[in-house]
Amino acid sequence: MTRTALGCACWWLAMPLASAEESTQRHFEAVIERAAALADEPHDSSRATLPAALRNLDYDTYRQIRFRGDQAIWRDDGLFSVQLFHSGFLFDTPVTLHLIEEGESRRLDFSSDDYNYDGDAERLLDADLEGAGHAGFRIHYPLNRGDYADEFAVFLGASYFRLVGRDQGYGLSARGLAIDTAAPHGEEFPAFREFWLVKPDEDATQMSVLALLDSPSLAGAYRFDIHPGRDVEVEVDARLFARRDVAKLGVAPLTSMFTHGDTSPYGADDFRPRVHDSDGLAMRTAAGEWIWRPLSNPRRLRISGLQDESPGGFGLVQRERDFDAYLDMEARYERRPSQWVEALGGDWGRGSVELVEIPTDTETNDNIVAYWVPEQPLNAGESRRFHYRTQTFGARLDEQRQASVIRTRSGWAAIPGQSDPPPRSRRQFIVDFHGGELSGLDASQPVEAELSTLQGDIHQVQVQRLPDGETWRASFRVQPQGRQPADMRLFLSLRGSPISETWSYVWYPDELR
């Protein structure tokens, strides 16, 4: 849609309102108008200069700056409380924070009295911190125990935010927006520049946050309605206003890490069998098909897309939840959350879920990104709305009833001792499915593998039940056409009806050394 000029509607900010929801929505409408007005102005690329003492903080020193729990916002006023992050280290652009209480908005100023400066950070007590500010904030709630307020949501850095549900540990991140991810000319990172934290009622189990986003290409207004629980649910209402044409808009992006695991063609020099925050991309199409794409750590950057119209949802998933699969007592990868995005309304239309897999040799770097790319570009002067829900979960969503993939492995399709072995590009794949109608299914049932590939030849397709009596394996061999990738789809059926999600995977012969 085309953006139209909007007048200022700030006069009501201090007016008493009939309800907390009405107050929140009116403040959000004001943020929308600010975003629209901001997009009509040239982008201001200047950034506040941090005090010299904060500019060159290393990671260890920055971690020694801790917000004082006794200064937590609203700590005695209900179930929610808020703690703040200090600027410094990588967080060199302070954000502006406001509190909305009883319908009125007031700015939250920075004070060094809110922090403890321990260890090497103690020298900051004697430094001039004029110009320091807040880098972000975290929200607390009695998530796991009734007598302790757990940190469950963090907004920190660019447009990043992270969520953890009950008994989960931080892993992947969500972002407000992605622009030109993996593009040859480089990615643009929109950033939340200003936040409004809405004080919940004393017995409220939901908290709202408003945000103003800015970048060279566009400005945006966001409303986050956050519901903590076993799974943290966030309803997001995003309004975007373009300053200039956006070549690739990445909506509701999720960012994660995959270093090595089941799909790795070579063993890692690591005592841990797997190292990843997520092991697959899941998608539910508008037609109701569930798709599973295992993740990999490729030798070259890989970009793939799953097309749809107004998708049923997509997410990055940590499906393997057993400690023995990782053996890492510090990272505890089996506790990392999965995260799902479900469109609720707005301008989704036709497009694709795009998956970007970036080579990495360390688990400290996120190398996996997934987001929705609308088919219609966002041009200068236009606006879009994206209304969606994002939530954490464990191995699978409650509404997924069909059998799901629990394992994908491959290797050279040669017979031990074979005198005339095939080329190494011929691969043996095994894909194991579990759950749904497969549970308790007798081995005599005619379960079949429905397998296709856009490139290459498929051989020796077999299906068999594994010894546990609950898991079924599809195995096959694929011979790519030269160096062309083999894009494969596989699902299990029983008497002509699908009984599993669809396994979707691309094998690249140039992954072989």
Side-chain angles (χ1 to χ4, degrees), residues 261-263 278-296 304 306-308 311-322 325 338 340 353 355 393-411 413 426-480 486-507:
D262 277 349
T263 57
S278 307
D279 55 7
L281 167 69
M283 178 180 176
R284 187 180 188 184
T285 69
E289 180 186 17
W290 291 89
I291 298 175
W292 174 255
R293 170 69 64 90
L295 299 179
S296 64
S304 55
L306 301 170
Q307 293 186 343
D308 201 15
F314 68 92
L316 292 176
V317 185
Q318 185 76 317
R319 189 164 276 181
E320 178 56 73
R321 313 302 293 186
D322 190 342
S338 306
W340 186 250
V353 175
L355 173 66
F393 65 102
R396 57 189 49 79
L397 292 161
D398 293 339
E399 58 265 35
Q400 185 174 358
R401 306 298 185 189
Q402 292 180 314
S404 54
V405 177
I406 61 169
R407 190 178 300 112
T408 299
R409 296 186 68 86
S410 69
R426 179 174 293 184
R427 308 300 290 175
Q428 170 86 35
F429 276 87
I430 65 103
V431 183
D432 292 344
F433 295 83
H434 184 88
E437 194 170 343
L438 291 177
S439 296
L441 197 64
D442 190 82
S444 64
Q445 294 284 2
V447 177
E448 296 183 333
E450 308 289 346
L451 174 62
S452 62
T453 180
L454 296 180
Q455 297 282 351
D457 298 317
I458 300 292
H459 305 276
Q460 296 178 260
V461 181
Q462 296 180 337
V463 177
Q464 57 185 321
R465 194 180 71 168
L466 297 189
D468 67 358
E470 302 289 329
T471 306
W472 288 67
R473 171 170 295 178
S475 63
F476 60 93
R477 298 180 179 183
V478 59
Q479 178 63 61
D487 189 346
M488 299 170 286
R489 284 172 52 90
L490 164 70
F491 63 88
L492 299 184
S493 67
L494 179 62
R495 297 184 176 90
S497 297
I499 59 172
S500 76
E501 65 186 2
T502 298
W503 175 84
S504 172
Y505 192 69
V506 182
W507 166 247

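No experiment lies behind these values; they were computed from the predicted model shown.
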Test your reading of the model: is there a side-chain donor-acceptor pair from [X] to the backbone of [Y], 3.5 Å cut-off?
X: Arg396; Y: Phe393; answer: no
X: Ser338; Y: Gln318; answer: yes
X: Gln428; Y: Ile430; answer: no

Specify the closest pair of heavy atoms between [X] and [Y], including all atoms of both residues, with the distance to one decimal.
X: Ala474; Y: Ala449; value: CB-CB, 4.3 Å
X: Pro446; Y: Arg495; value: CD-NH2, 3.7 Å
X: Ala325; Y: Glu320; value: CB-CG, 3.3 Å
X: Arg477; Y: Ala413; value: CD-CB, 3.8 Å

Are a donor atom and an acceptor atom from the side chains of [X] and [Y] found within less than 3.5 Å of each other?
X: Arg319; Y: Ser278; value: no
X: Arg427; Y: Gln479; value: no
X: Glu501; Y: Ser404; value: no
X: Trp503; Y: Thr408; value: yes

Find out whether [X] and [Y] are in side-chain contact, i.e. whether some heavy atom of one side chain is under 4.5 Å from a heavy atom of the other.
X: Arg426; Y: Val478; result: no
X: Trp292; Y: Val317; result: yes
X: Leu306; Y: Arg293; result: yes
X: Val405; Y: Pro294; result: no
X: Met283; Y: Asp308; result: yes
X: Leu295; Y: Thr263; result: no
X: Leu438; Y: Thr471; result: no
X: Phe429; Y: Trp507; result: yes

**Asked** After noting the C-alpha distance and the side-chain angles of Trp472 and Val463, does the key distance pass the side-chain contact (heavy atoms from CB on, under 4.5 Å) rule?
**Response** CA-CA 7 Å; Trp472 288 67; Val463 177; 3.8 Å; yes
**Request:** Any salt bridge (charged side-chain N to carboxylate O under 4.0 Å, His left out) involving residues 428-443? Give me the pairs, sequence neighbours left out, ordered by first then second residue.
**Result:** Arg407-Asp432, Asp432-Arg473
**Message:** What verdict does the side-chain contact (heavy atoms from CB on, under 4.5 Å) test give for Met488 and Val506, after you've listed the backbone C-alpha separation in whole Å, the side-chain angles of each residue and the deciding distance to 0.1 Å?
**Reply:** CA-CA 6 Å; Met488 299 170 286; Val506 182; over 6 Å; no
Nearest-0.5 Å distance that lies between atom [atom1] in [X] and atom [atom2] in [Y]:
X: Gln462; Y: Phe476; atom1: CD; atom2: CZ; value: 12.0 Å
X: Ser504; Y: Leu490; atom1: OG; atom2: CG; value: 10.0 Å
X: Glu448; Y: Ser493; atom1: CD; atom2: OG; value: 5.0 Å
X: Asp468; Y: His434; atom1: CG; atom2: NE2; value: 6.5 Å
X: Phe433; Y: Leu492; atom1: CZ; atom2: CG; value: 4.5 Å

**Request:** Apply salt bridge (Lys or Arg N to Asp or Glu O under 4.0 Å) to Arg489 and list each qualifying residue two or more places apart in sequence or on a separate chain.
**Result:** Glu289
**Request:** Return the set of residues passing salt bridge (Lys or Arg N to Asp or Glu O under 4.0 Å) with Asp262 (not counting sequence neighbours), or none when no residue passes.
**Result:** Arg274, Arg409
**Message:** I want to check a possible cation-pi pair here: Arg284 against Trp340, using under 6.0 Å from ring centre and within 45° of the ring axis as the test.
**Reply:** no
**Asked** How far apart are the C-alpha atoms of Tyr505 and Thr453, what are their side-chain angles, what is the distance that settles it, and do they pass the side-chain contact (heavy atoms from CB on, under 4.5 Å) test?
**Response** CA-CA 10 Å; Tyr505 192 69; Thr453 180; over 6 Å; no
**Item:** Steps toward side-chain contact (heavy atoms from CB on, under 4.5 Å) verdict (Leu281, Leu316)
**Value:** CA-CA 5 Å; Leu281 167 69; Leu316 292 176; 4.1 Å; yes
